[in-house]
There are 2 protein chains.
Amino acid sequence: MSEQAARKQKQPRPAPRRLKGFRDIPAGPILAREQMIRTIREVYERYGFSPLETPALEYVDCLGKFLPEADQPDAGIFAFRDEDDEWVGLRYDLTAPLSRYVAANINELSTPFRRYQVGPVWRMDKPGPGRFREFTQFDFDSVGTASMIADAEACTIMADVLEALGIRRGDYVIRVNNRKVLNGVLERIGGQAGLDYGVQLNVLRTIDKLDKAGLAGVAELLSSGRKDESGAFIPGLGLAAGPIDRIMAYLGSGAPTRAAVLDALAAQVEGSEIGAQGVDELRQIDAFLAAGGYDESRVVFDPTVVRGLEYYTGPVFEGVLTFEISDDDGSPRQFGSVFGGGRYDGLVQRFLGREIPATGGSIGVDRLLAALLHLGAVRSEPAVARVLVTRLDKTMTGDYQRLAARLRAAGINTELYVGTQNIGKQFKYASDTGKIAVVVMGSDEAARGEVSIKDLRLGDELSREIGEDRKRWLEQQPAQLSAPLDGMVEAVRGILGRYSE
Amino acid sequence: MSEQAARKQKQPRPAPRRLKGFRDIPAGPILAREQMIRTIREVYERYGFSPLETPALEYVDCLGKFLPEADQPDAGIFAFRDEDDEWVGLRYDLTAPLSRYVAANINELSTPFRRYQVGPVWRMDKPGPGRFREFTQFDFDSVGTASMIADAEACTIMADVLEALGIRRGDYVIRVNNRKVLNGVLERIGGQAGLDYGVQLNVLRTIDKLDKAGLAGVAELLSSGRKDESGAFIPGLGLAAGPIDRIMAYLGSGAPTRAAVLDALAAQVEGSEIGAQGVDELRQIDAFLAAGGYDESRVVFDPTVVRGLEYYTGPVFEGVLTFEISDDDGSPRQFGSVFGGGRYDGLVQRFLGREIPATGGSIGVDRLLAALLHLGAVRSEPAVARVLVTRLDKTMTGDYQRLAARLRAAGINTELYVGTQNIGKQFKYASDTGKIAVVVMGSDEAARGEVSIKDLRLGDELSREIGEDRKRWLEQQPAQLSAPLDGMVEAVRGILGRYSE
């Protein structure tokens, strides 16, 4: 080792840096996330989805380019050339790899193929507060069916997931639209030849900015452009007043009931075959939702929903949390979208030439977790073990080891102190790492067959402002107690029980 | 969409290829792995480890180069230059990122810092059968303590994990050694100046090939070289006969009891300070293991264990499954190593200049899962939902939806058929996707308030060769039954219960 250390020291010392937009996640949020993922998985499985796992790396041509910001120079995917000089990249979502999987296995798969997948995805977006380049998605998809039942079911799954996680009805809403309706509107604008595909895509991305820019802002972006919050000028699409009026009329055709939205949209797409098809699909979704009792308190139709990803072809939907939080500048705003999805009938077709219709939804796990932590719907515990067995007398390690083993055998997560510091430092360590009960045994106690157990929280609680009742209760609890070896487990359980809800 | 499809079709169609050495994992192994990971996590938490998550991507200089095959041209990590022209790479293990994390947060961390982490790692090794470039590790580590208690505890954790997973005592063994002992042997060979560090590393890597090459093969590789199985000539290290004899004597100093190995090793390193220190550390580990009742049926000392990773500095250990399996050519062999670890006191020092001692272990999740599946210790279920509600009459979708909702509300994972095929194809789909019970309702039955439930497995079971008793039992079960709506849940439970263990 000495030589190795010497060799390593001769090399320049790297700084322990992390890539920008990436993060280390400590125990609290991980444990809360596990709890959340378990609940989501239960709902997905309840609906008959089974897991599938695809790799983190894929050939770039298999992933395709469908990201909302694919036209920005600094946006996109983490890609590089492999040893065979082919472009490979980290997946930017779980849908593109699924379509590659389906295309490769289409002859063996029973359809509708229903799978869920949870895992990290990577995007080389501009990092910012709460915006990371590595984040987790939790998807479910039904591949190989054109039936609107699959889309309608996706909406009920979203609602069921959010309620299973403890989000109350009224604090969320599933908003549904259909890209075909928008296509119908644009078809009417474009006349015989239709609008150029690139222009269509730009209109879609402009509408996708509605949340930030507002209706007036979208109108500006469709015409000559506007200044954004930072004062930078964003050039507009240069559409004429007539087309812009049509789009704004379409965007304004929302209504409180799904039936009313259907009527309004039917009027907006009059004369367009694709538009009428879109409205009819929404009508089928409405029928399914109504039969299942999913009324407008859970699922609404909203013409302003477009979803940014290019690959959607039909119904699109998003789960939005409607309760208010404070923005960075203290102003209240809705929490926003945590769940998105839609139909992507063309994605497998990229590989096979023939259409394999598909639809599904995706949870933004990190955003949803932030919401649940905000609501107190999941707990963020700082540590897993709440008991520390100290090593007061270094010659008695075997004894301490047996104390820890006894607690563990009783199902109590227990840390044996494996450091080299004195007992005072061990107590500080216990406190710093979130322990509640600390077990101490000196040679005298060992001779008597006893251990001491200290309640680390009691002092803290007493010194905080608490209600009279709780204070009296606490004062009756001993902060330190002795127990015979055979009573240790019960005594520790008693102390832990003081603080469990 | 029409335009979008047309545009996409004009682009060349990519083949739905997967990168070599990567794989898609279907439901069965994922569900089994989840079960396994849950058990491992429970043991880690029982010992007081809490989760930490670090990113998939790190700066290459932070990862360092410690892989066993770092000298092979095609080996190494997946790395590329980021937008700032810095080298970044996918992590090749979970230990190097941990050391980066510790170095960056050393002033805030309470030590011993005990964390676990499970996740994929990536290595650009030569892929082969059972050898993948993306695989999962599940690590636990204690950082910031030089105490041998942490190393000894790592060995008991390994044993506890394997037994918690259902591997019987005797079917596994934890093998322990100490790099310092080997260093002591090499010090004696090198004389006053010591062996060159590069030569030491090569000796270590040669010993690491013992499992494949055998003792005689290792001796050849230490001297003039040998032909491997494929007939290729592997050049040797060119050591002289004296040093080779010393190394071979050291490798031959194994014994059935830990006490006997300690004596033998003490003789091998006589006169070397680092060697004596290594033997003393093993002695401390032995004392801890003995006090905990971990005798040689669970943990042995083995001088041939070195572990391939360069960063180990002290005790090294591995969990080996000793039951035999058939090799590719049908010959029996031990299942082998599924768990590895050791002390790496220099890894955080790379960043900080000062030593932060640390030790821990890592499970090769995929290999361990293969072992458990082989032993039948975890179940590989092909699907999560065992019930399909068919859609016989497409006008009755609302009714079918309510049947599915009722089963789900009772906690039964249920798929509603969301495809577009006829009832015959729906039954084939049910069978192909592992369903057991299929619910059917026509308009006549609906009018009577009844459903039909079919047991898909009964026919299969009857036609297979089974015991008389089981056969008679099966013949008394109806393959199809009618139930009133209110009795549907019970009837489905009854059919599922026929096949649950």
Side-chain angles (χ1 to χ4, degrees), chain A residues 1 3-5 7-8 13-14 16-17 19 22 24-27 30 45-46 48 50-55 57 59 61-62 80 88 100-101 103-104 110 112 134 142 145-147 149-150 153 197 291-292 313 346 350-351 353 383-385 397-398 401 408 413-415 418-420 429 432-433, chain B residues 1 3 5 7-8 13-14 16-17 19 22 24-27 30 45-46 48 50-57 59 61-62 80 88 100-101 103-104 110 112 134 142 145-147 149-150 153 197 291-292 313 346 350-351 353 383-385 397-398 401 408 413-415 418-420 429 432-433:
Chain A
M1 163 57 202
E3 232 175 311
Q4 182 180 347
R7 173 170 171 266
K8 295 290 173 202
R13 269 192 230 146
R17 301 160 302 147
L19 270 67
F22 287 75
D24 301 308
I25 309 180
I30 295 178
E45 293 187 344
R46 199 67 91 224
S50 288
L52 171 75
E53 209 171 276
T54 60
L57 283 175
Y59 287 113
D61 64 346
C62 289
F80 55 98
V88 299
R100 188 268 306 150
Y101 174 83
S110 303
E134 176 179 60
S142 294
T145 176
S147 169
I149 294 175
E153 200 192 43
Y197 179 76
T313 56
R350 286 182 64 232
F351 299 101
V384 168
T397 294
Q401 195 179 344
R408 289 174 190 143
N413 295 334
T414 302
E415 181 173 340
V418 300
T420 52
Y429 172 76
D432 289 347
T433 56
Chain B
M1 164 56 204
E3 236 177 307
R7 175 169 168 265
K8 295 291 173 206
R13 270 192 230 145
R17 302 158 302 147
L19 269 68
F22 288 74
D24 302 308
I25 310 180
I30 294 178
E45 293 187 346
R46 199 67 90 222
S50 289
L52 171 73
E53 208 170 277
T54 60
L57 283 175
Y59 288 112
D61 65 345
C62 288
F80 55 97
V88 299
R100 188 267 307 150
Y101 174 83
S110 302
E134 176 179 61
S142 294
T145 176
S147 168
I149 294 175
E153 198 193 46
Y197 179 75
T313 56
R350 287 182 63 232
F351 299 101
V384 168
T397 294
Q401 195 180 342
R408 288 175 192 143
N413 295 334
T414 302
E415 183 173 340
V418 300
T420 52
Y429 172 75
D432 290 347
T433 56

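Every value quoted in this text rests on a predicted model; they were computed, and no experiment measured them. First the proteins, then the strands, lettered A, B, ... as listed; each starts at 1.
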When you compare the side chain of A:Val384 with that of B:Pro51, does any pair of heavy atoms fall below 4.5 Å?
yes
Counting heavy-atom pairs under 4.5 angstrom with chain B, the leader among A:Ala385, A:Gly398, A:Gly419 is A:Gly419
Side chains of A:Asp24 and B:Arg100: closer than 4.5 Å at any heavy-atom pair?
yes
Max heavy-atom pair count under 4.5 Å with chain B, selected residue of A:Val88, A:Asp432, A:Thr414
A:Thr414
Whether the side chain of A:Tyr429 engages the backbone of B:Ser110 through a donor-acceptor N/O pair (distance < 3.5 Å, no angle test) should be reported.
no
Distance from A:Ser50 atom OG to B:Glu415 atom CD, nearest 0.5 Å?
8.0 Å
Whatever's closer than 4.5 Å to a heavy atom in chain A on B:Gln401 counts as side chain
Would you say that B:Asp61 contacts A:Arg17 through its side chain, given a criterion of any heavy-atom pair below 4.5 Å between the two side chains?
yes
What part of A:Ile30 is in contact with chain B, defined as an atom under 4.5 angstrom from a non-hydrogen atom: side chain, backbone, both or neither?
side chain
Quick check on B:Thr397 against chain A: is it the side chain, the backbone, both or neither that has a heavy atom closer than 4.5 Å?
side chain
Between B:Ile149, B:Val418, B:Leu57, B:Thr54, the one whose heavy-atom pairs under 4.5 Å with chain A are most numerous
B:Val418
Minimal heavy-atom distance between B:Arg350 and A:Arg13, with the atoms involved, is O-CG, 3.1 Å
Ignoring hydrogens, what is the shortest heavy-atom contact between B:Ala104 and A:Pro16? Give both atom names and the distance.
CB-O, 3.6 Å
Shortest non-hydrogen contact from A:Glu134 toward B:Ala56:
OE2-N, 3.0 Å
Measure distances from B:Pro26 to the heavy atoms of chain A and classify the residue's part below 4.5 Å as side chain, backbone, both or neither.
backbone
Heavy-atom closest pair, residues B:Arg46 and A:Asn413
NH1-OD1, 2.9 Å
Most heavy-atom pairs under 4.5 Å with chain A, out of B:Gly48, B:Ala291, B:Pro112, B:Ala150, belong to B:Pro112
Chain A interface, residue from B:Ala146, B:Ser142, B:Ser147 that has the most non-hydrogen pairs under 4.5 Å:
B:Ser147
Please report the closest heavy-atom contact between B:Phe351 and A:Pro14, naming both atoms and the distance.
CD2-O, 3.3 Å
